[in-house]
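Note sheet for the following structure.
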Amino acid sequence: MQLEQTLAKYFGYTSFRPGQKEVIEAVVEGKDVIALLPTSMGKSLCYQLPGYLFSKPVLIVSPLLSLMQDQVEQLKRLGEKRVVALNSFLSAEEKRYALHYLEQYRFIFTSPEMLLQQQVQEKLSRMELSLIVVDEAHCISQWGFDFRPDYLRIGEWFMQSQRPPVLALSATATDKVLTDIRSTLSLQAPFEFIYDVDRPNIHLGRVLFEDKADKASWILHHIQKTAGPGILYMSSRKRAEQYSETFKQAGIRAAAYHAGFGAEDRQFIQQQFIDGELDWIVATNAFGMGINKADIRQVIHESLPSTVANYMQEIGRAGRDGKPALAILLYSDGDEELAKFVTTGDLPATIHVDRYQELMMQNVLPSQMLKNGELSETAFRVLDYWMKEEPVEQVKIRLNNLALEKYQSIYEMQKIAQTKDCMRRLLVGYFGQNLRENPENCCENCGILYDAIIKGRTEVNLKIEMVSWENRLKQLLVGL
DNA sequence: AGCAGTCCAGTCGTCTGGACTGCTGTTCCACGAA
């Protein structure tokens with residue numbers, strides 16, 4: 001009964017959600033664990049509760065600064081003071097202080113990059129941890145190989161013999177992602193809790209187009225006609241802004257979101273969307289991780305996602321309240337070309353490998369390439385990582401294979417877009433699972449009535465305006 | 001790869017079409033310039 005008591009004492013709940021107890025028990029027993037739970041299932045409790053049973057700190061590796069801040073604030077609201085986010089938001093002085101007293105915190109959040117810094121490593125090697133958590137662990141696979149190589153290097157650190165148990169958390173993972181997680185983190189016979197990936201309340205629509213212009217007019221018509229809140233995913237920042245502008249002119253409460261905006265703007269837009277002041281976010285794949293909005297009714301993909309895993313993550317943001325939601329994939333022949341360009345365009349090329357080698361021979365720092373603008377910061381970081389890991393010829397093969405894997409992933413996504421069979425069955429199959437039954441309005445090929453799932457725009461908007469007016473009035477009265 | 005926008009020649013149309021150009025995602029951290 002100890003777990004239930006701790007749950008009630010620190011979190012105020014009387015019972016666990018599906019999966020939480022099994023995962024927590026395994027963590028408490030000291031096993032390595034992989035837990036795949038849908039976001040609404042309370043993943044963070046899986047390390048927060050054990051944090052109160054252990055006497056030593058829990059270290060959480062998190063992919064985004066905003067995610068760390070959210071978790072820290074959430075814990076502080078629950079009354080926890082011994083929590084810190086060790087990241088670049090800290091001044092030099094604050095960082096020195098946090099490092100000095102690190103063993104006194106109960107929860108330590110950090111990024112892979114910060115984790116690998118020498119001073120952080122030195123401190124951690126001198127202290128004991130009760131648990132290491134890798135939050136959003138699919139990032140290892142999604143980002144480690146060609147974007148944030150430090151995600152692969154956290155594995156080197158995990159190989160030390162005297163390490164505490166590791167808990168890898170994610171919402172979804174394909175077989176490949178699971179394999180990458182196991183091997184990168186050197187997990188020892190992990191206990192794996194894998195929840196059904198299928199989300200029967202998300203109905204899978206798809207519309208095929210002959211022509212790009214048809215697609216654009218379909219989108220505008222659809223968004224004018226149906227109710228949000230919704231996310232429209234695009235694969236270009238510029239086009240996201242153009243669409244958002246068109247929507248606004250048509251009287252739709254929309255905003256664009258991509259990594260080109262500053263952190264403050266992004267935070268503001270995200271908050272407006274969560275508060276119901278915006279109906280549509282027109283975004284690149286920058287939008288999504290850590291968004292806690294339960295009532296998203298639609299997720300539309302204007303362009304082809306680059307992997308099935310990404311598609312699943314993105315549509316999974318809809319309908320977290322369990323009510324019907326619609327995911328619509330828009331596809332026209334040739335959409336895969338843009339996806340190919342976007343995913344492989346920034347990979348270092350063979351000439352960069354040779355150039356790196358040449359500079360090394362001349363005793364010139366390879367970072368000279370970056371200063372000369374010969375390749376992007378991302379491409380250089382990836383090249384630099386692999387050149388230090390493997391012989392030159394191997395790096396060339398590696399980079400070539402990375403591009404081929406990207407093409408393969410896009411092809412798999414394309415198959416979902418083009419299939420004449422059940423989209424859900426195919427989708428769930430990529431995650432190594434079998435679909436038990438097809439829900440009503442399952443997918444485009446099984447038959448789907450859009451009107452039965454989403455409401456028209458006007459009926460919902462009137463209601464939202466009433467509610468937001470009531471809220472404003474309440475705020476005013478409370479303010480007095 | 002492929003689309004959208006711009007430029008310019010041809011020839012005298014306020015236009016047409018071909019050539020050309022630019023653009024195409026995701027994060028963290030640190031350092032240096034202003």
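Throughout, protein chains are lettered first and strands after them, A, B, ... in sequence-line order, and every chain is numbered starting at 1. All of these numbers come straight from a predicted model, not from anything done at the bench.
A close approach under 4.0 Å does not occur between any side-chain nitrogen or oxygen of A:S111 and OP1 or OP2 of B:dC28. Here A:R381 does not reach the OP1 or OP2 of B:dT26: none of its side-chain N or O atoms lies under 4.0 Å away. OP1 and OP2 of B:dT27 both lie 4.0 Å or more from every side-chain N or O belonging to A:Q142. Of the side-chain N and O atoms in A:K371, none sit less than 4.0 angstrom from OP1 or OP2 of B:dG32. Regarding contacts with the backbone of B:dG25, every side-chain N or O of A:S306 stays at 4.0 angstrom or more from both OP1 and OP2.
For the pair A:D335 CG and B:dG25 P, the interatomic distance rounds to 15 Å; values are reported in whole Å. Atom CZ of A:F109 is separated from atom P of B:dC29 by 15 Å (rounded to the nearest Å). For the pair A:Q118 CD and B:dA30 C1', the computed distance is 16 Å after rounding to whole Å. Going from atom CG of A:L232 over to atom P of B:dG25 covers 15 Å, rounded to whole Å. Summarising the geometry, the separation between CD on A:E336 and P on B:dT24 is reported as 20 Å, rounded to the nearest angstrom. Rounded to whole angstrom, the span from the CD atom of A:E136 across to the C1' atom of B:dC28 amounts to 16 Å. For the pair A:L152 CG and B:dC28 P, the computed distance is 17 Å after rounding to whole Å. Here the P atom of nucleotide B:dC28 and the CE atom of A:M68 are 7 Å apart, to the nearest Å.
Contact annotation for A:P112: no contact, since no heavy-atom pair falls under 4.0 Å across all strands. Residue contacts for A:R237: at a heavy-atom cut-off of 4.0 Å it reaches the sugar-phosphate backbone alone, with no base atom in range. In this structure, A:N87 reaches the sugar-phosphate backbone alone: every heavy-atom distance under 4.0 Å involves primed, P, OP1 or OP2 atoms, never a base.
When each of B:dC23, B:dT26, B:dC29 is scored by its nearest atom to the side-chain atoms of A:K238, the top-ranked nucleotide is B:dC23. The A:R266 side chain lies nearest to B:dT27 when the options are B:dC29, B:dT27, B:dG25. With distances taken from any side-chain atom of A:S236 to the nucleotides B:dT26, B:dT27, B:dT24, the minimum falls on B:dT24.
A salt bridge links A:K396 and A:D354; the closest N-O separation between the charged side-chain nitrogens and carboxylate oxygens is under 4.0 Å. Between A:D321 and A:R297, at least one side-chain nitrogen of the basic residue sits less than 4.0 Å from a carboxylate oxygen of the acidic one, meeting the salt-bridge criterion. Checked for salt-bridge contact, A:D146 and A:K406 meet the test: a charged N lies under 4.0 Å from a carboxylate O. Taking a cutoff of 4.0 Å between a charged side-chain nitrogen and a carboxylate oxygen, A:R153 and A:D150 qualify as a salt bridge.
Once the 5.5 Å centre distance and the 30° plane angle are applied, the aromatic ring of A:W143 is found not to be stacked with the base of B:dT26. Stacking of A:F341 onto the six-membered ring of B:dT24 is present: less than 5.5 angstrom between centres, less than 30° between planes.
For B:dG32, there is no paired base (Watson-Crick or G-U wobble, both distances below 3.5 Å). When Watson-Crick and G-U wobble pairs are counted only if both distances are under 3.5 Å, B:dC3 pairs with B:dG22. The base-pairing partner of B:dT16, taking Watson-Crick or G-U wobble contacts with both distances under 3.5 Å, is B:dA9.
Between B:dA9 and B:dT14, the two C1' atoms lie 15 Å apart (nearest whole Å). Comparing B:dG17 with B:dG13, their C1' atoms are spaced 13 Å from each other, to the whole Å. Using atom C1' as the reference point in both B:dT11 and B:dG18, the two lie 16 Å apart (nearest Å). Distance check on atom C1': B:dC8 versus B:dC12 gives 15 Å, rounded to whole Å.
Applying the side-chain hydrogen bond (donor to acceptor under 3.5 Å, both in side chains) test between A:Q117 and each of A:K123, A:E122, A:K95 identifies A:K95 as the sole match.
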Pair A:Y105, A:Y101 - check ring-ring contact (aromatic ring centres under 6.0 Å, His included), show working.
CA-CA 7 Å; A:Y105 292 101; A:Y101 294 104; 8.3 Å; no
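Residues A:E113 and A:L338 each lie close to DNA chain B; by heavy-atom proximity, the contact nearer the 5' end of the strand is made by A:L338. Residue-to-nucleotide proximity on DNA chain B shows that, of A:K406 and A:E377, the 5′-proximal contact is made by A:K406.
Between A:D295 and A:P229, the shortest heavy-atom distance links the atoms O-CD, 3.4 Å.
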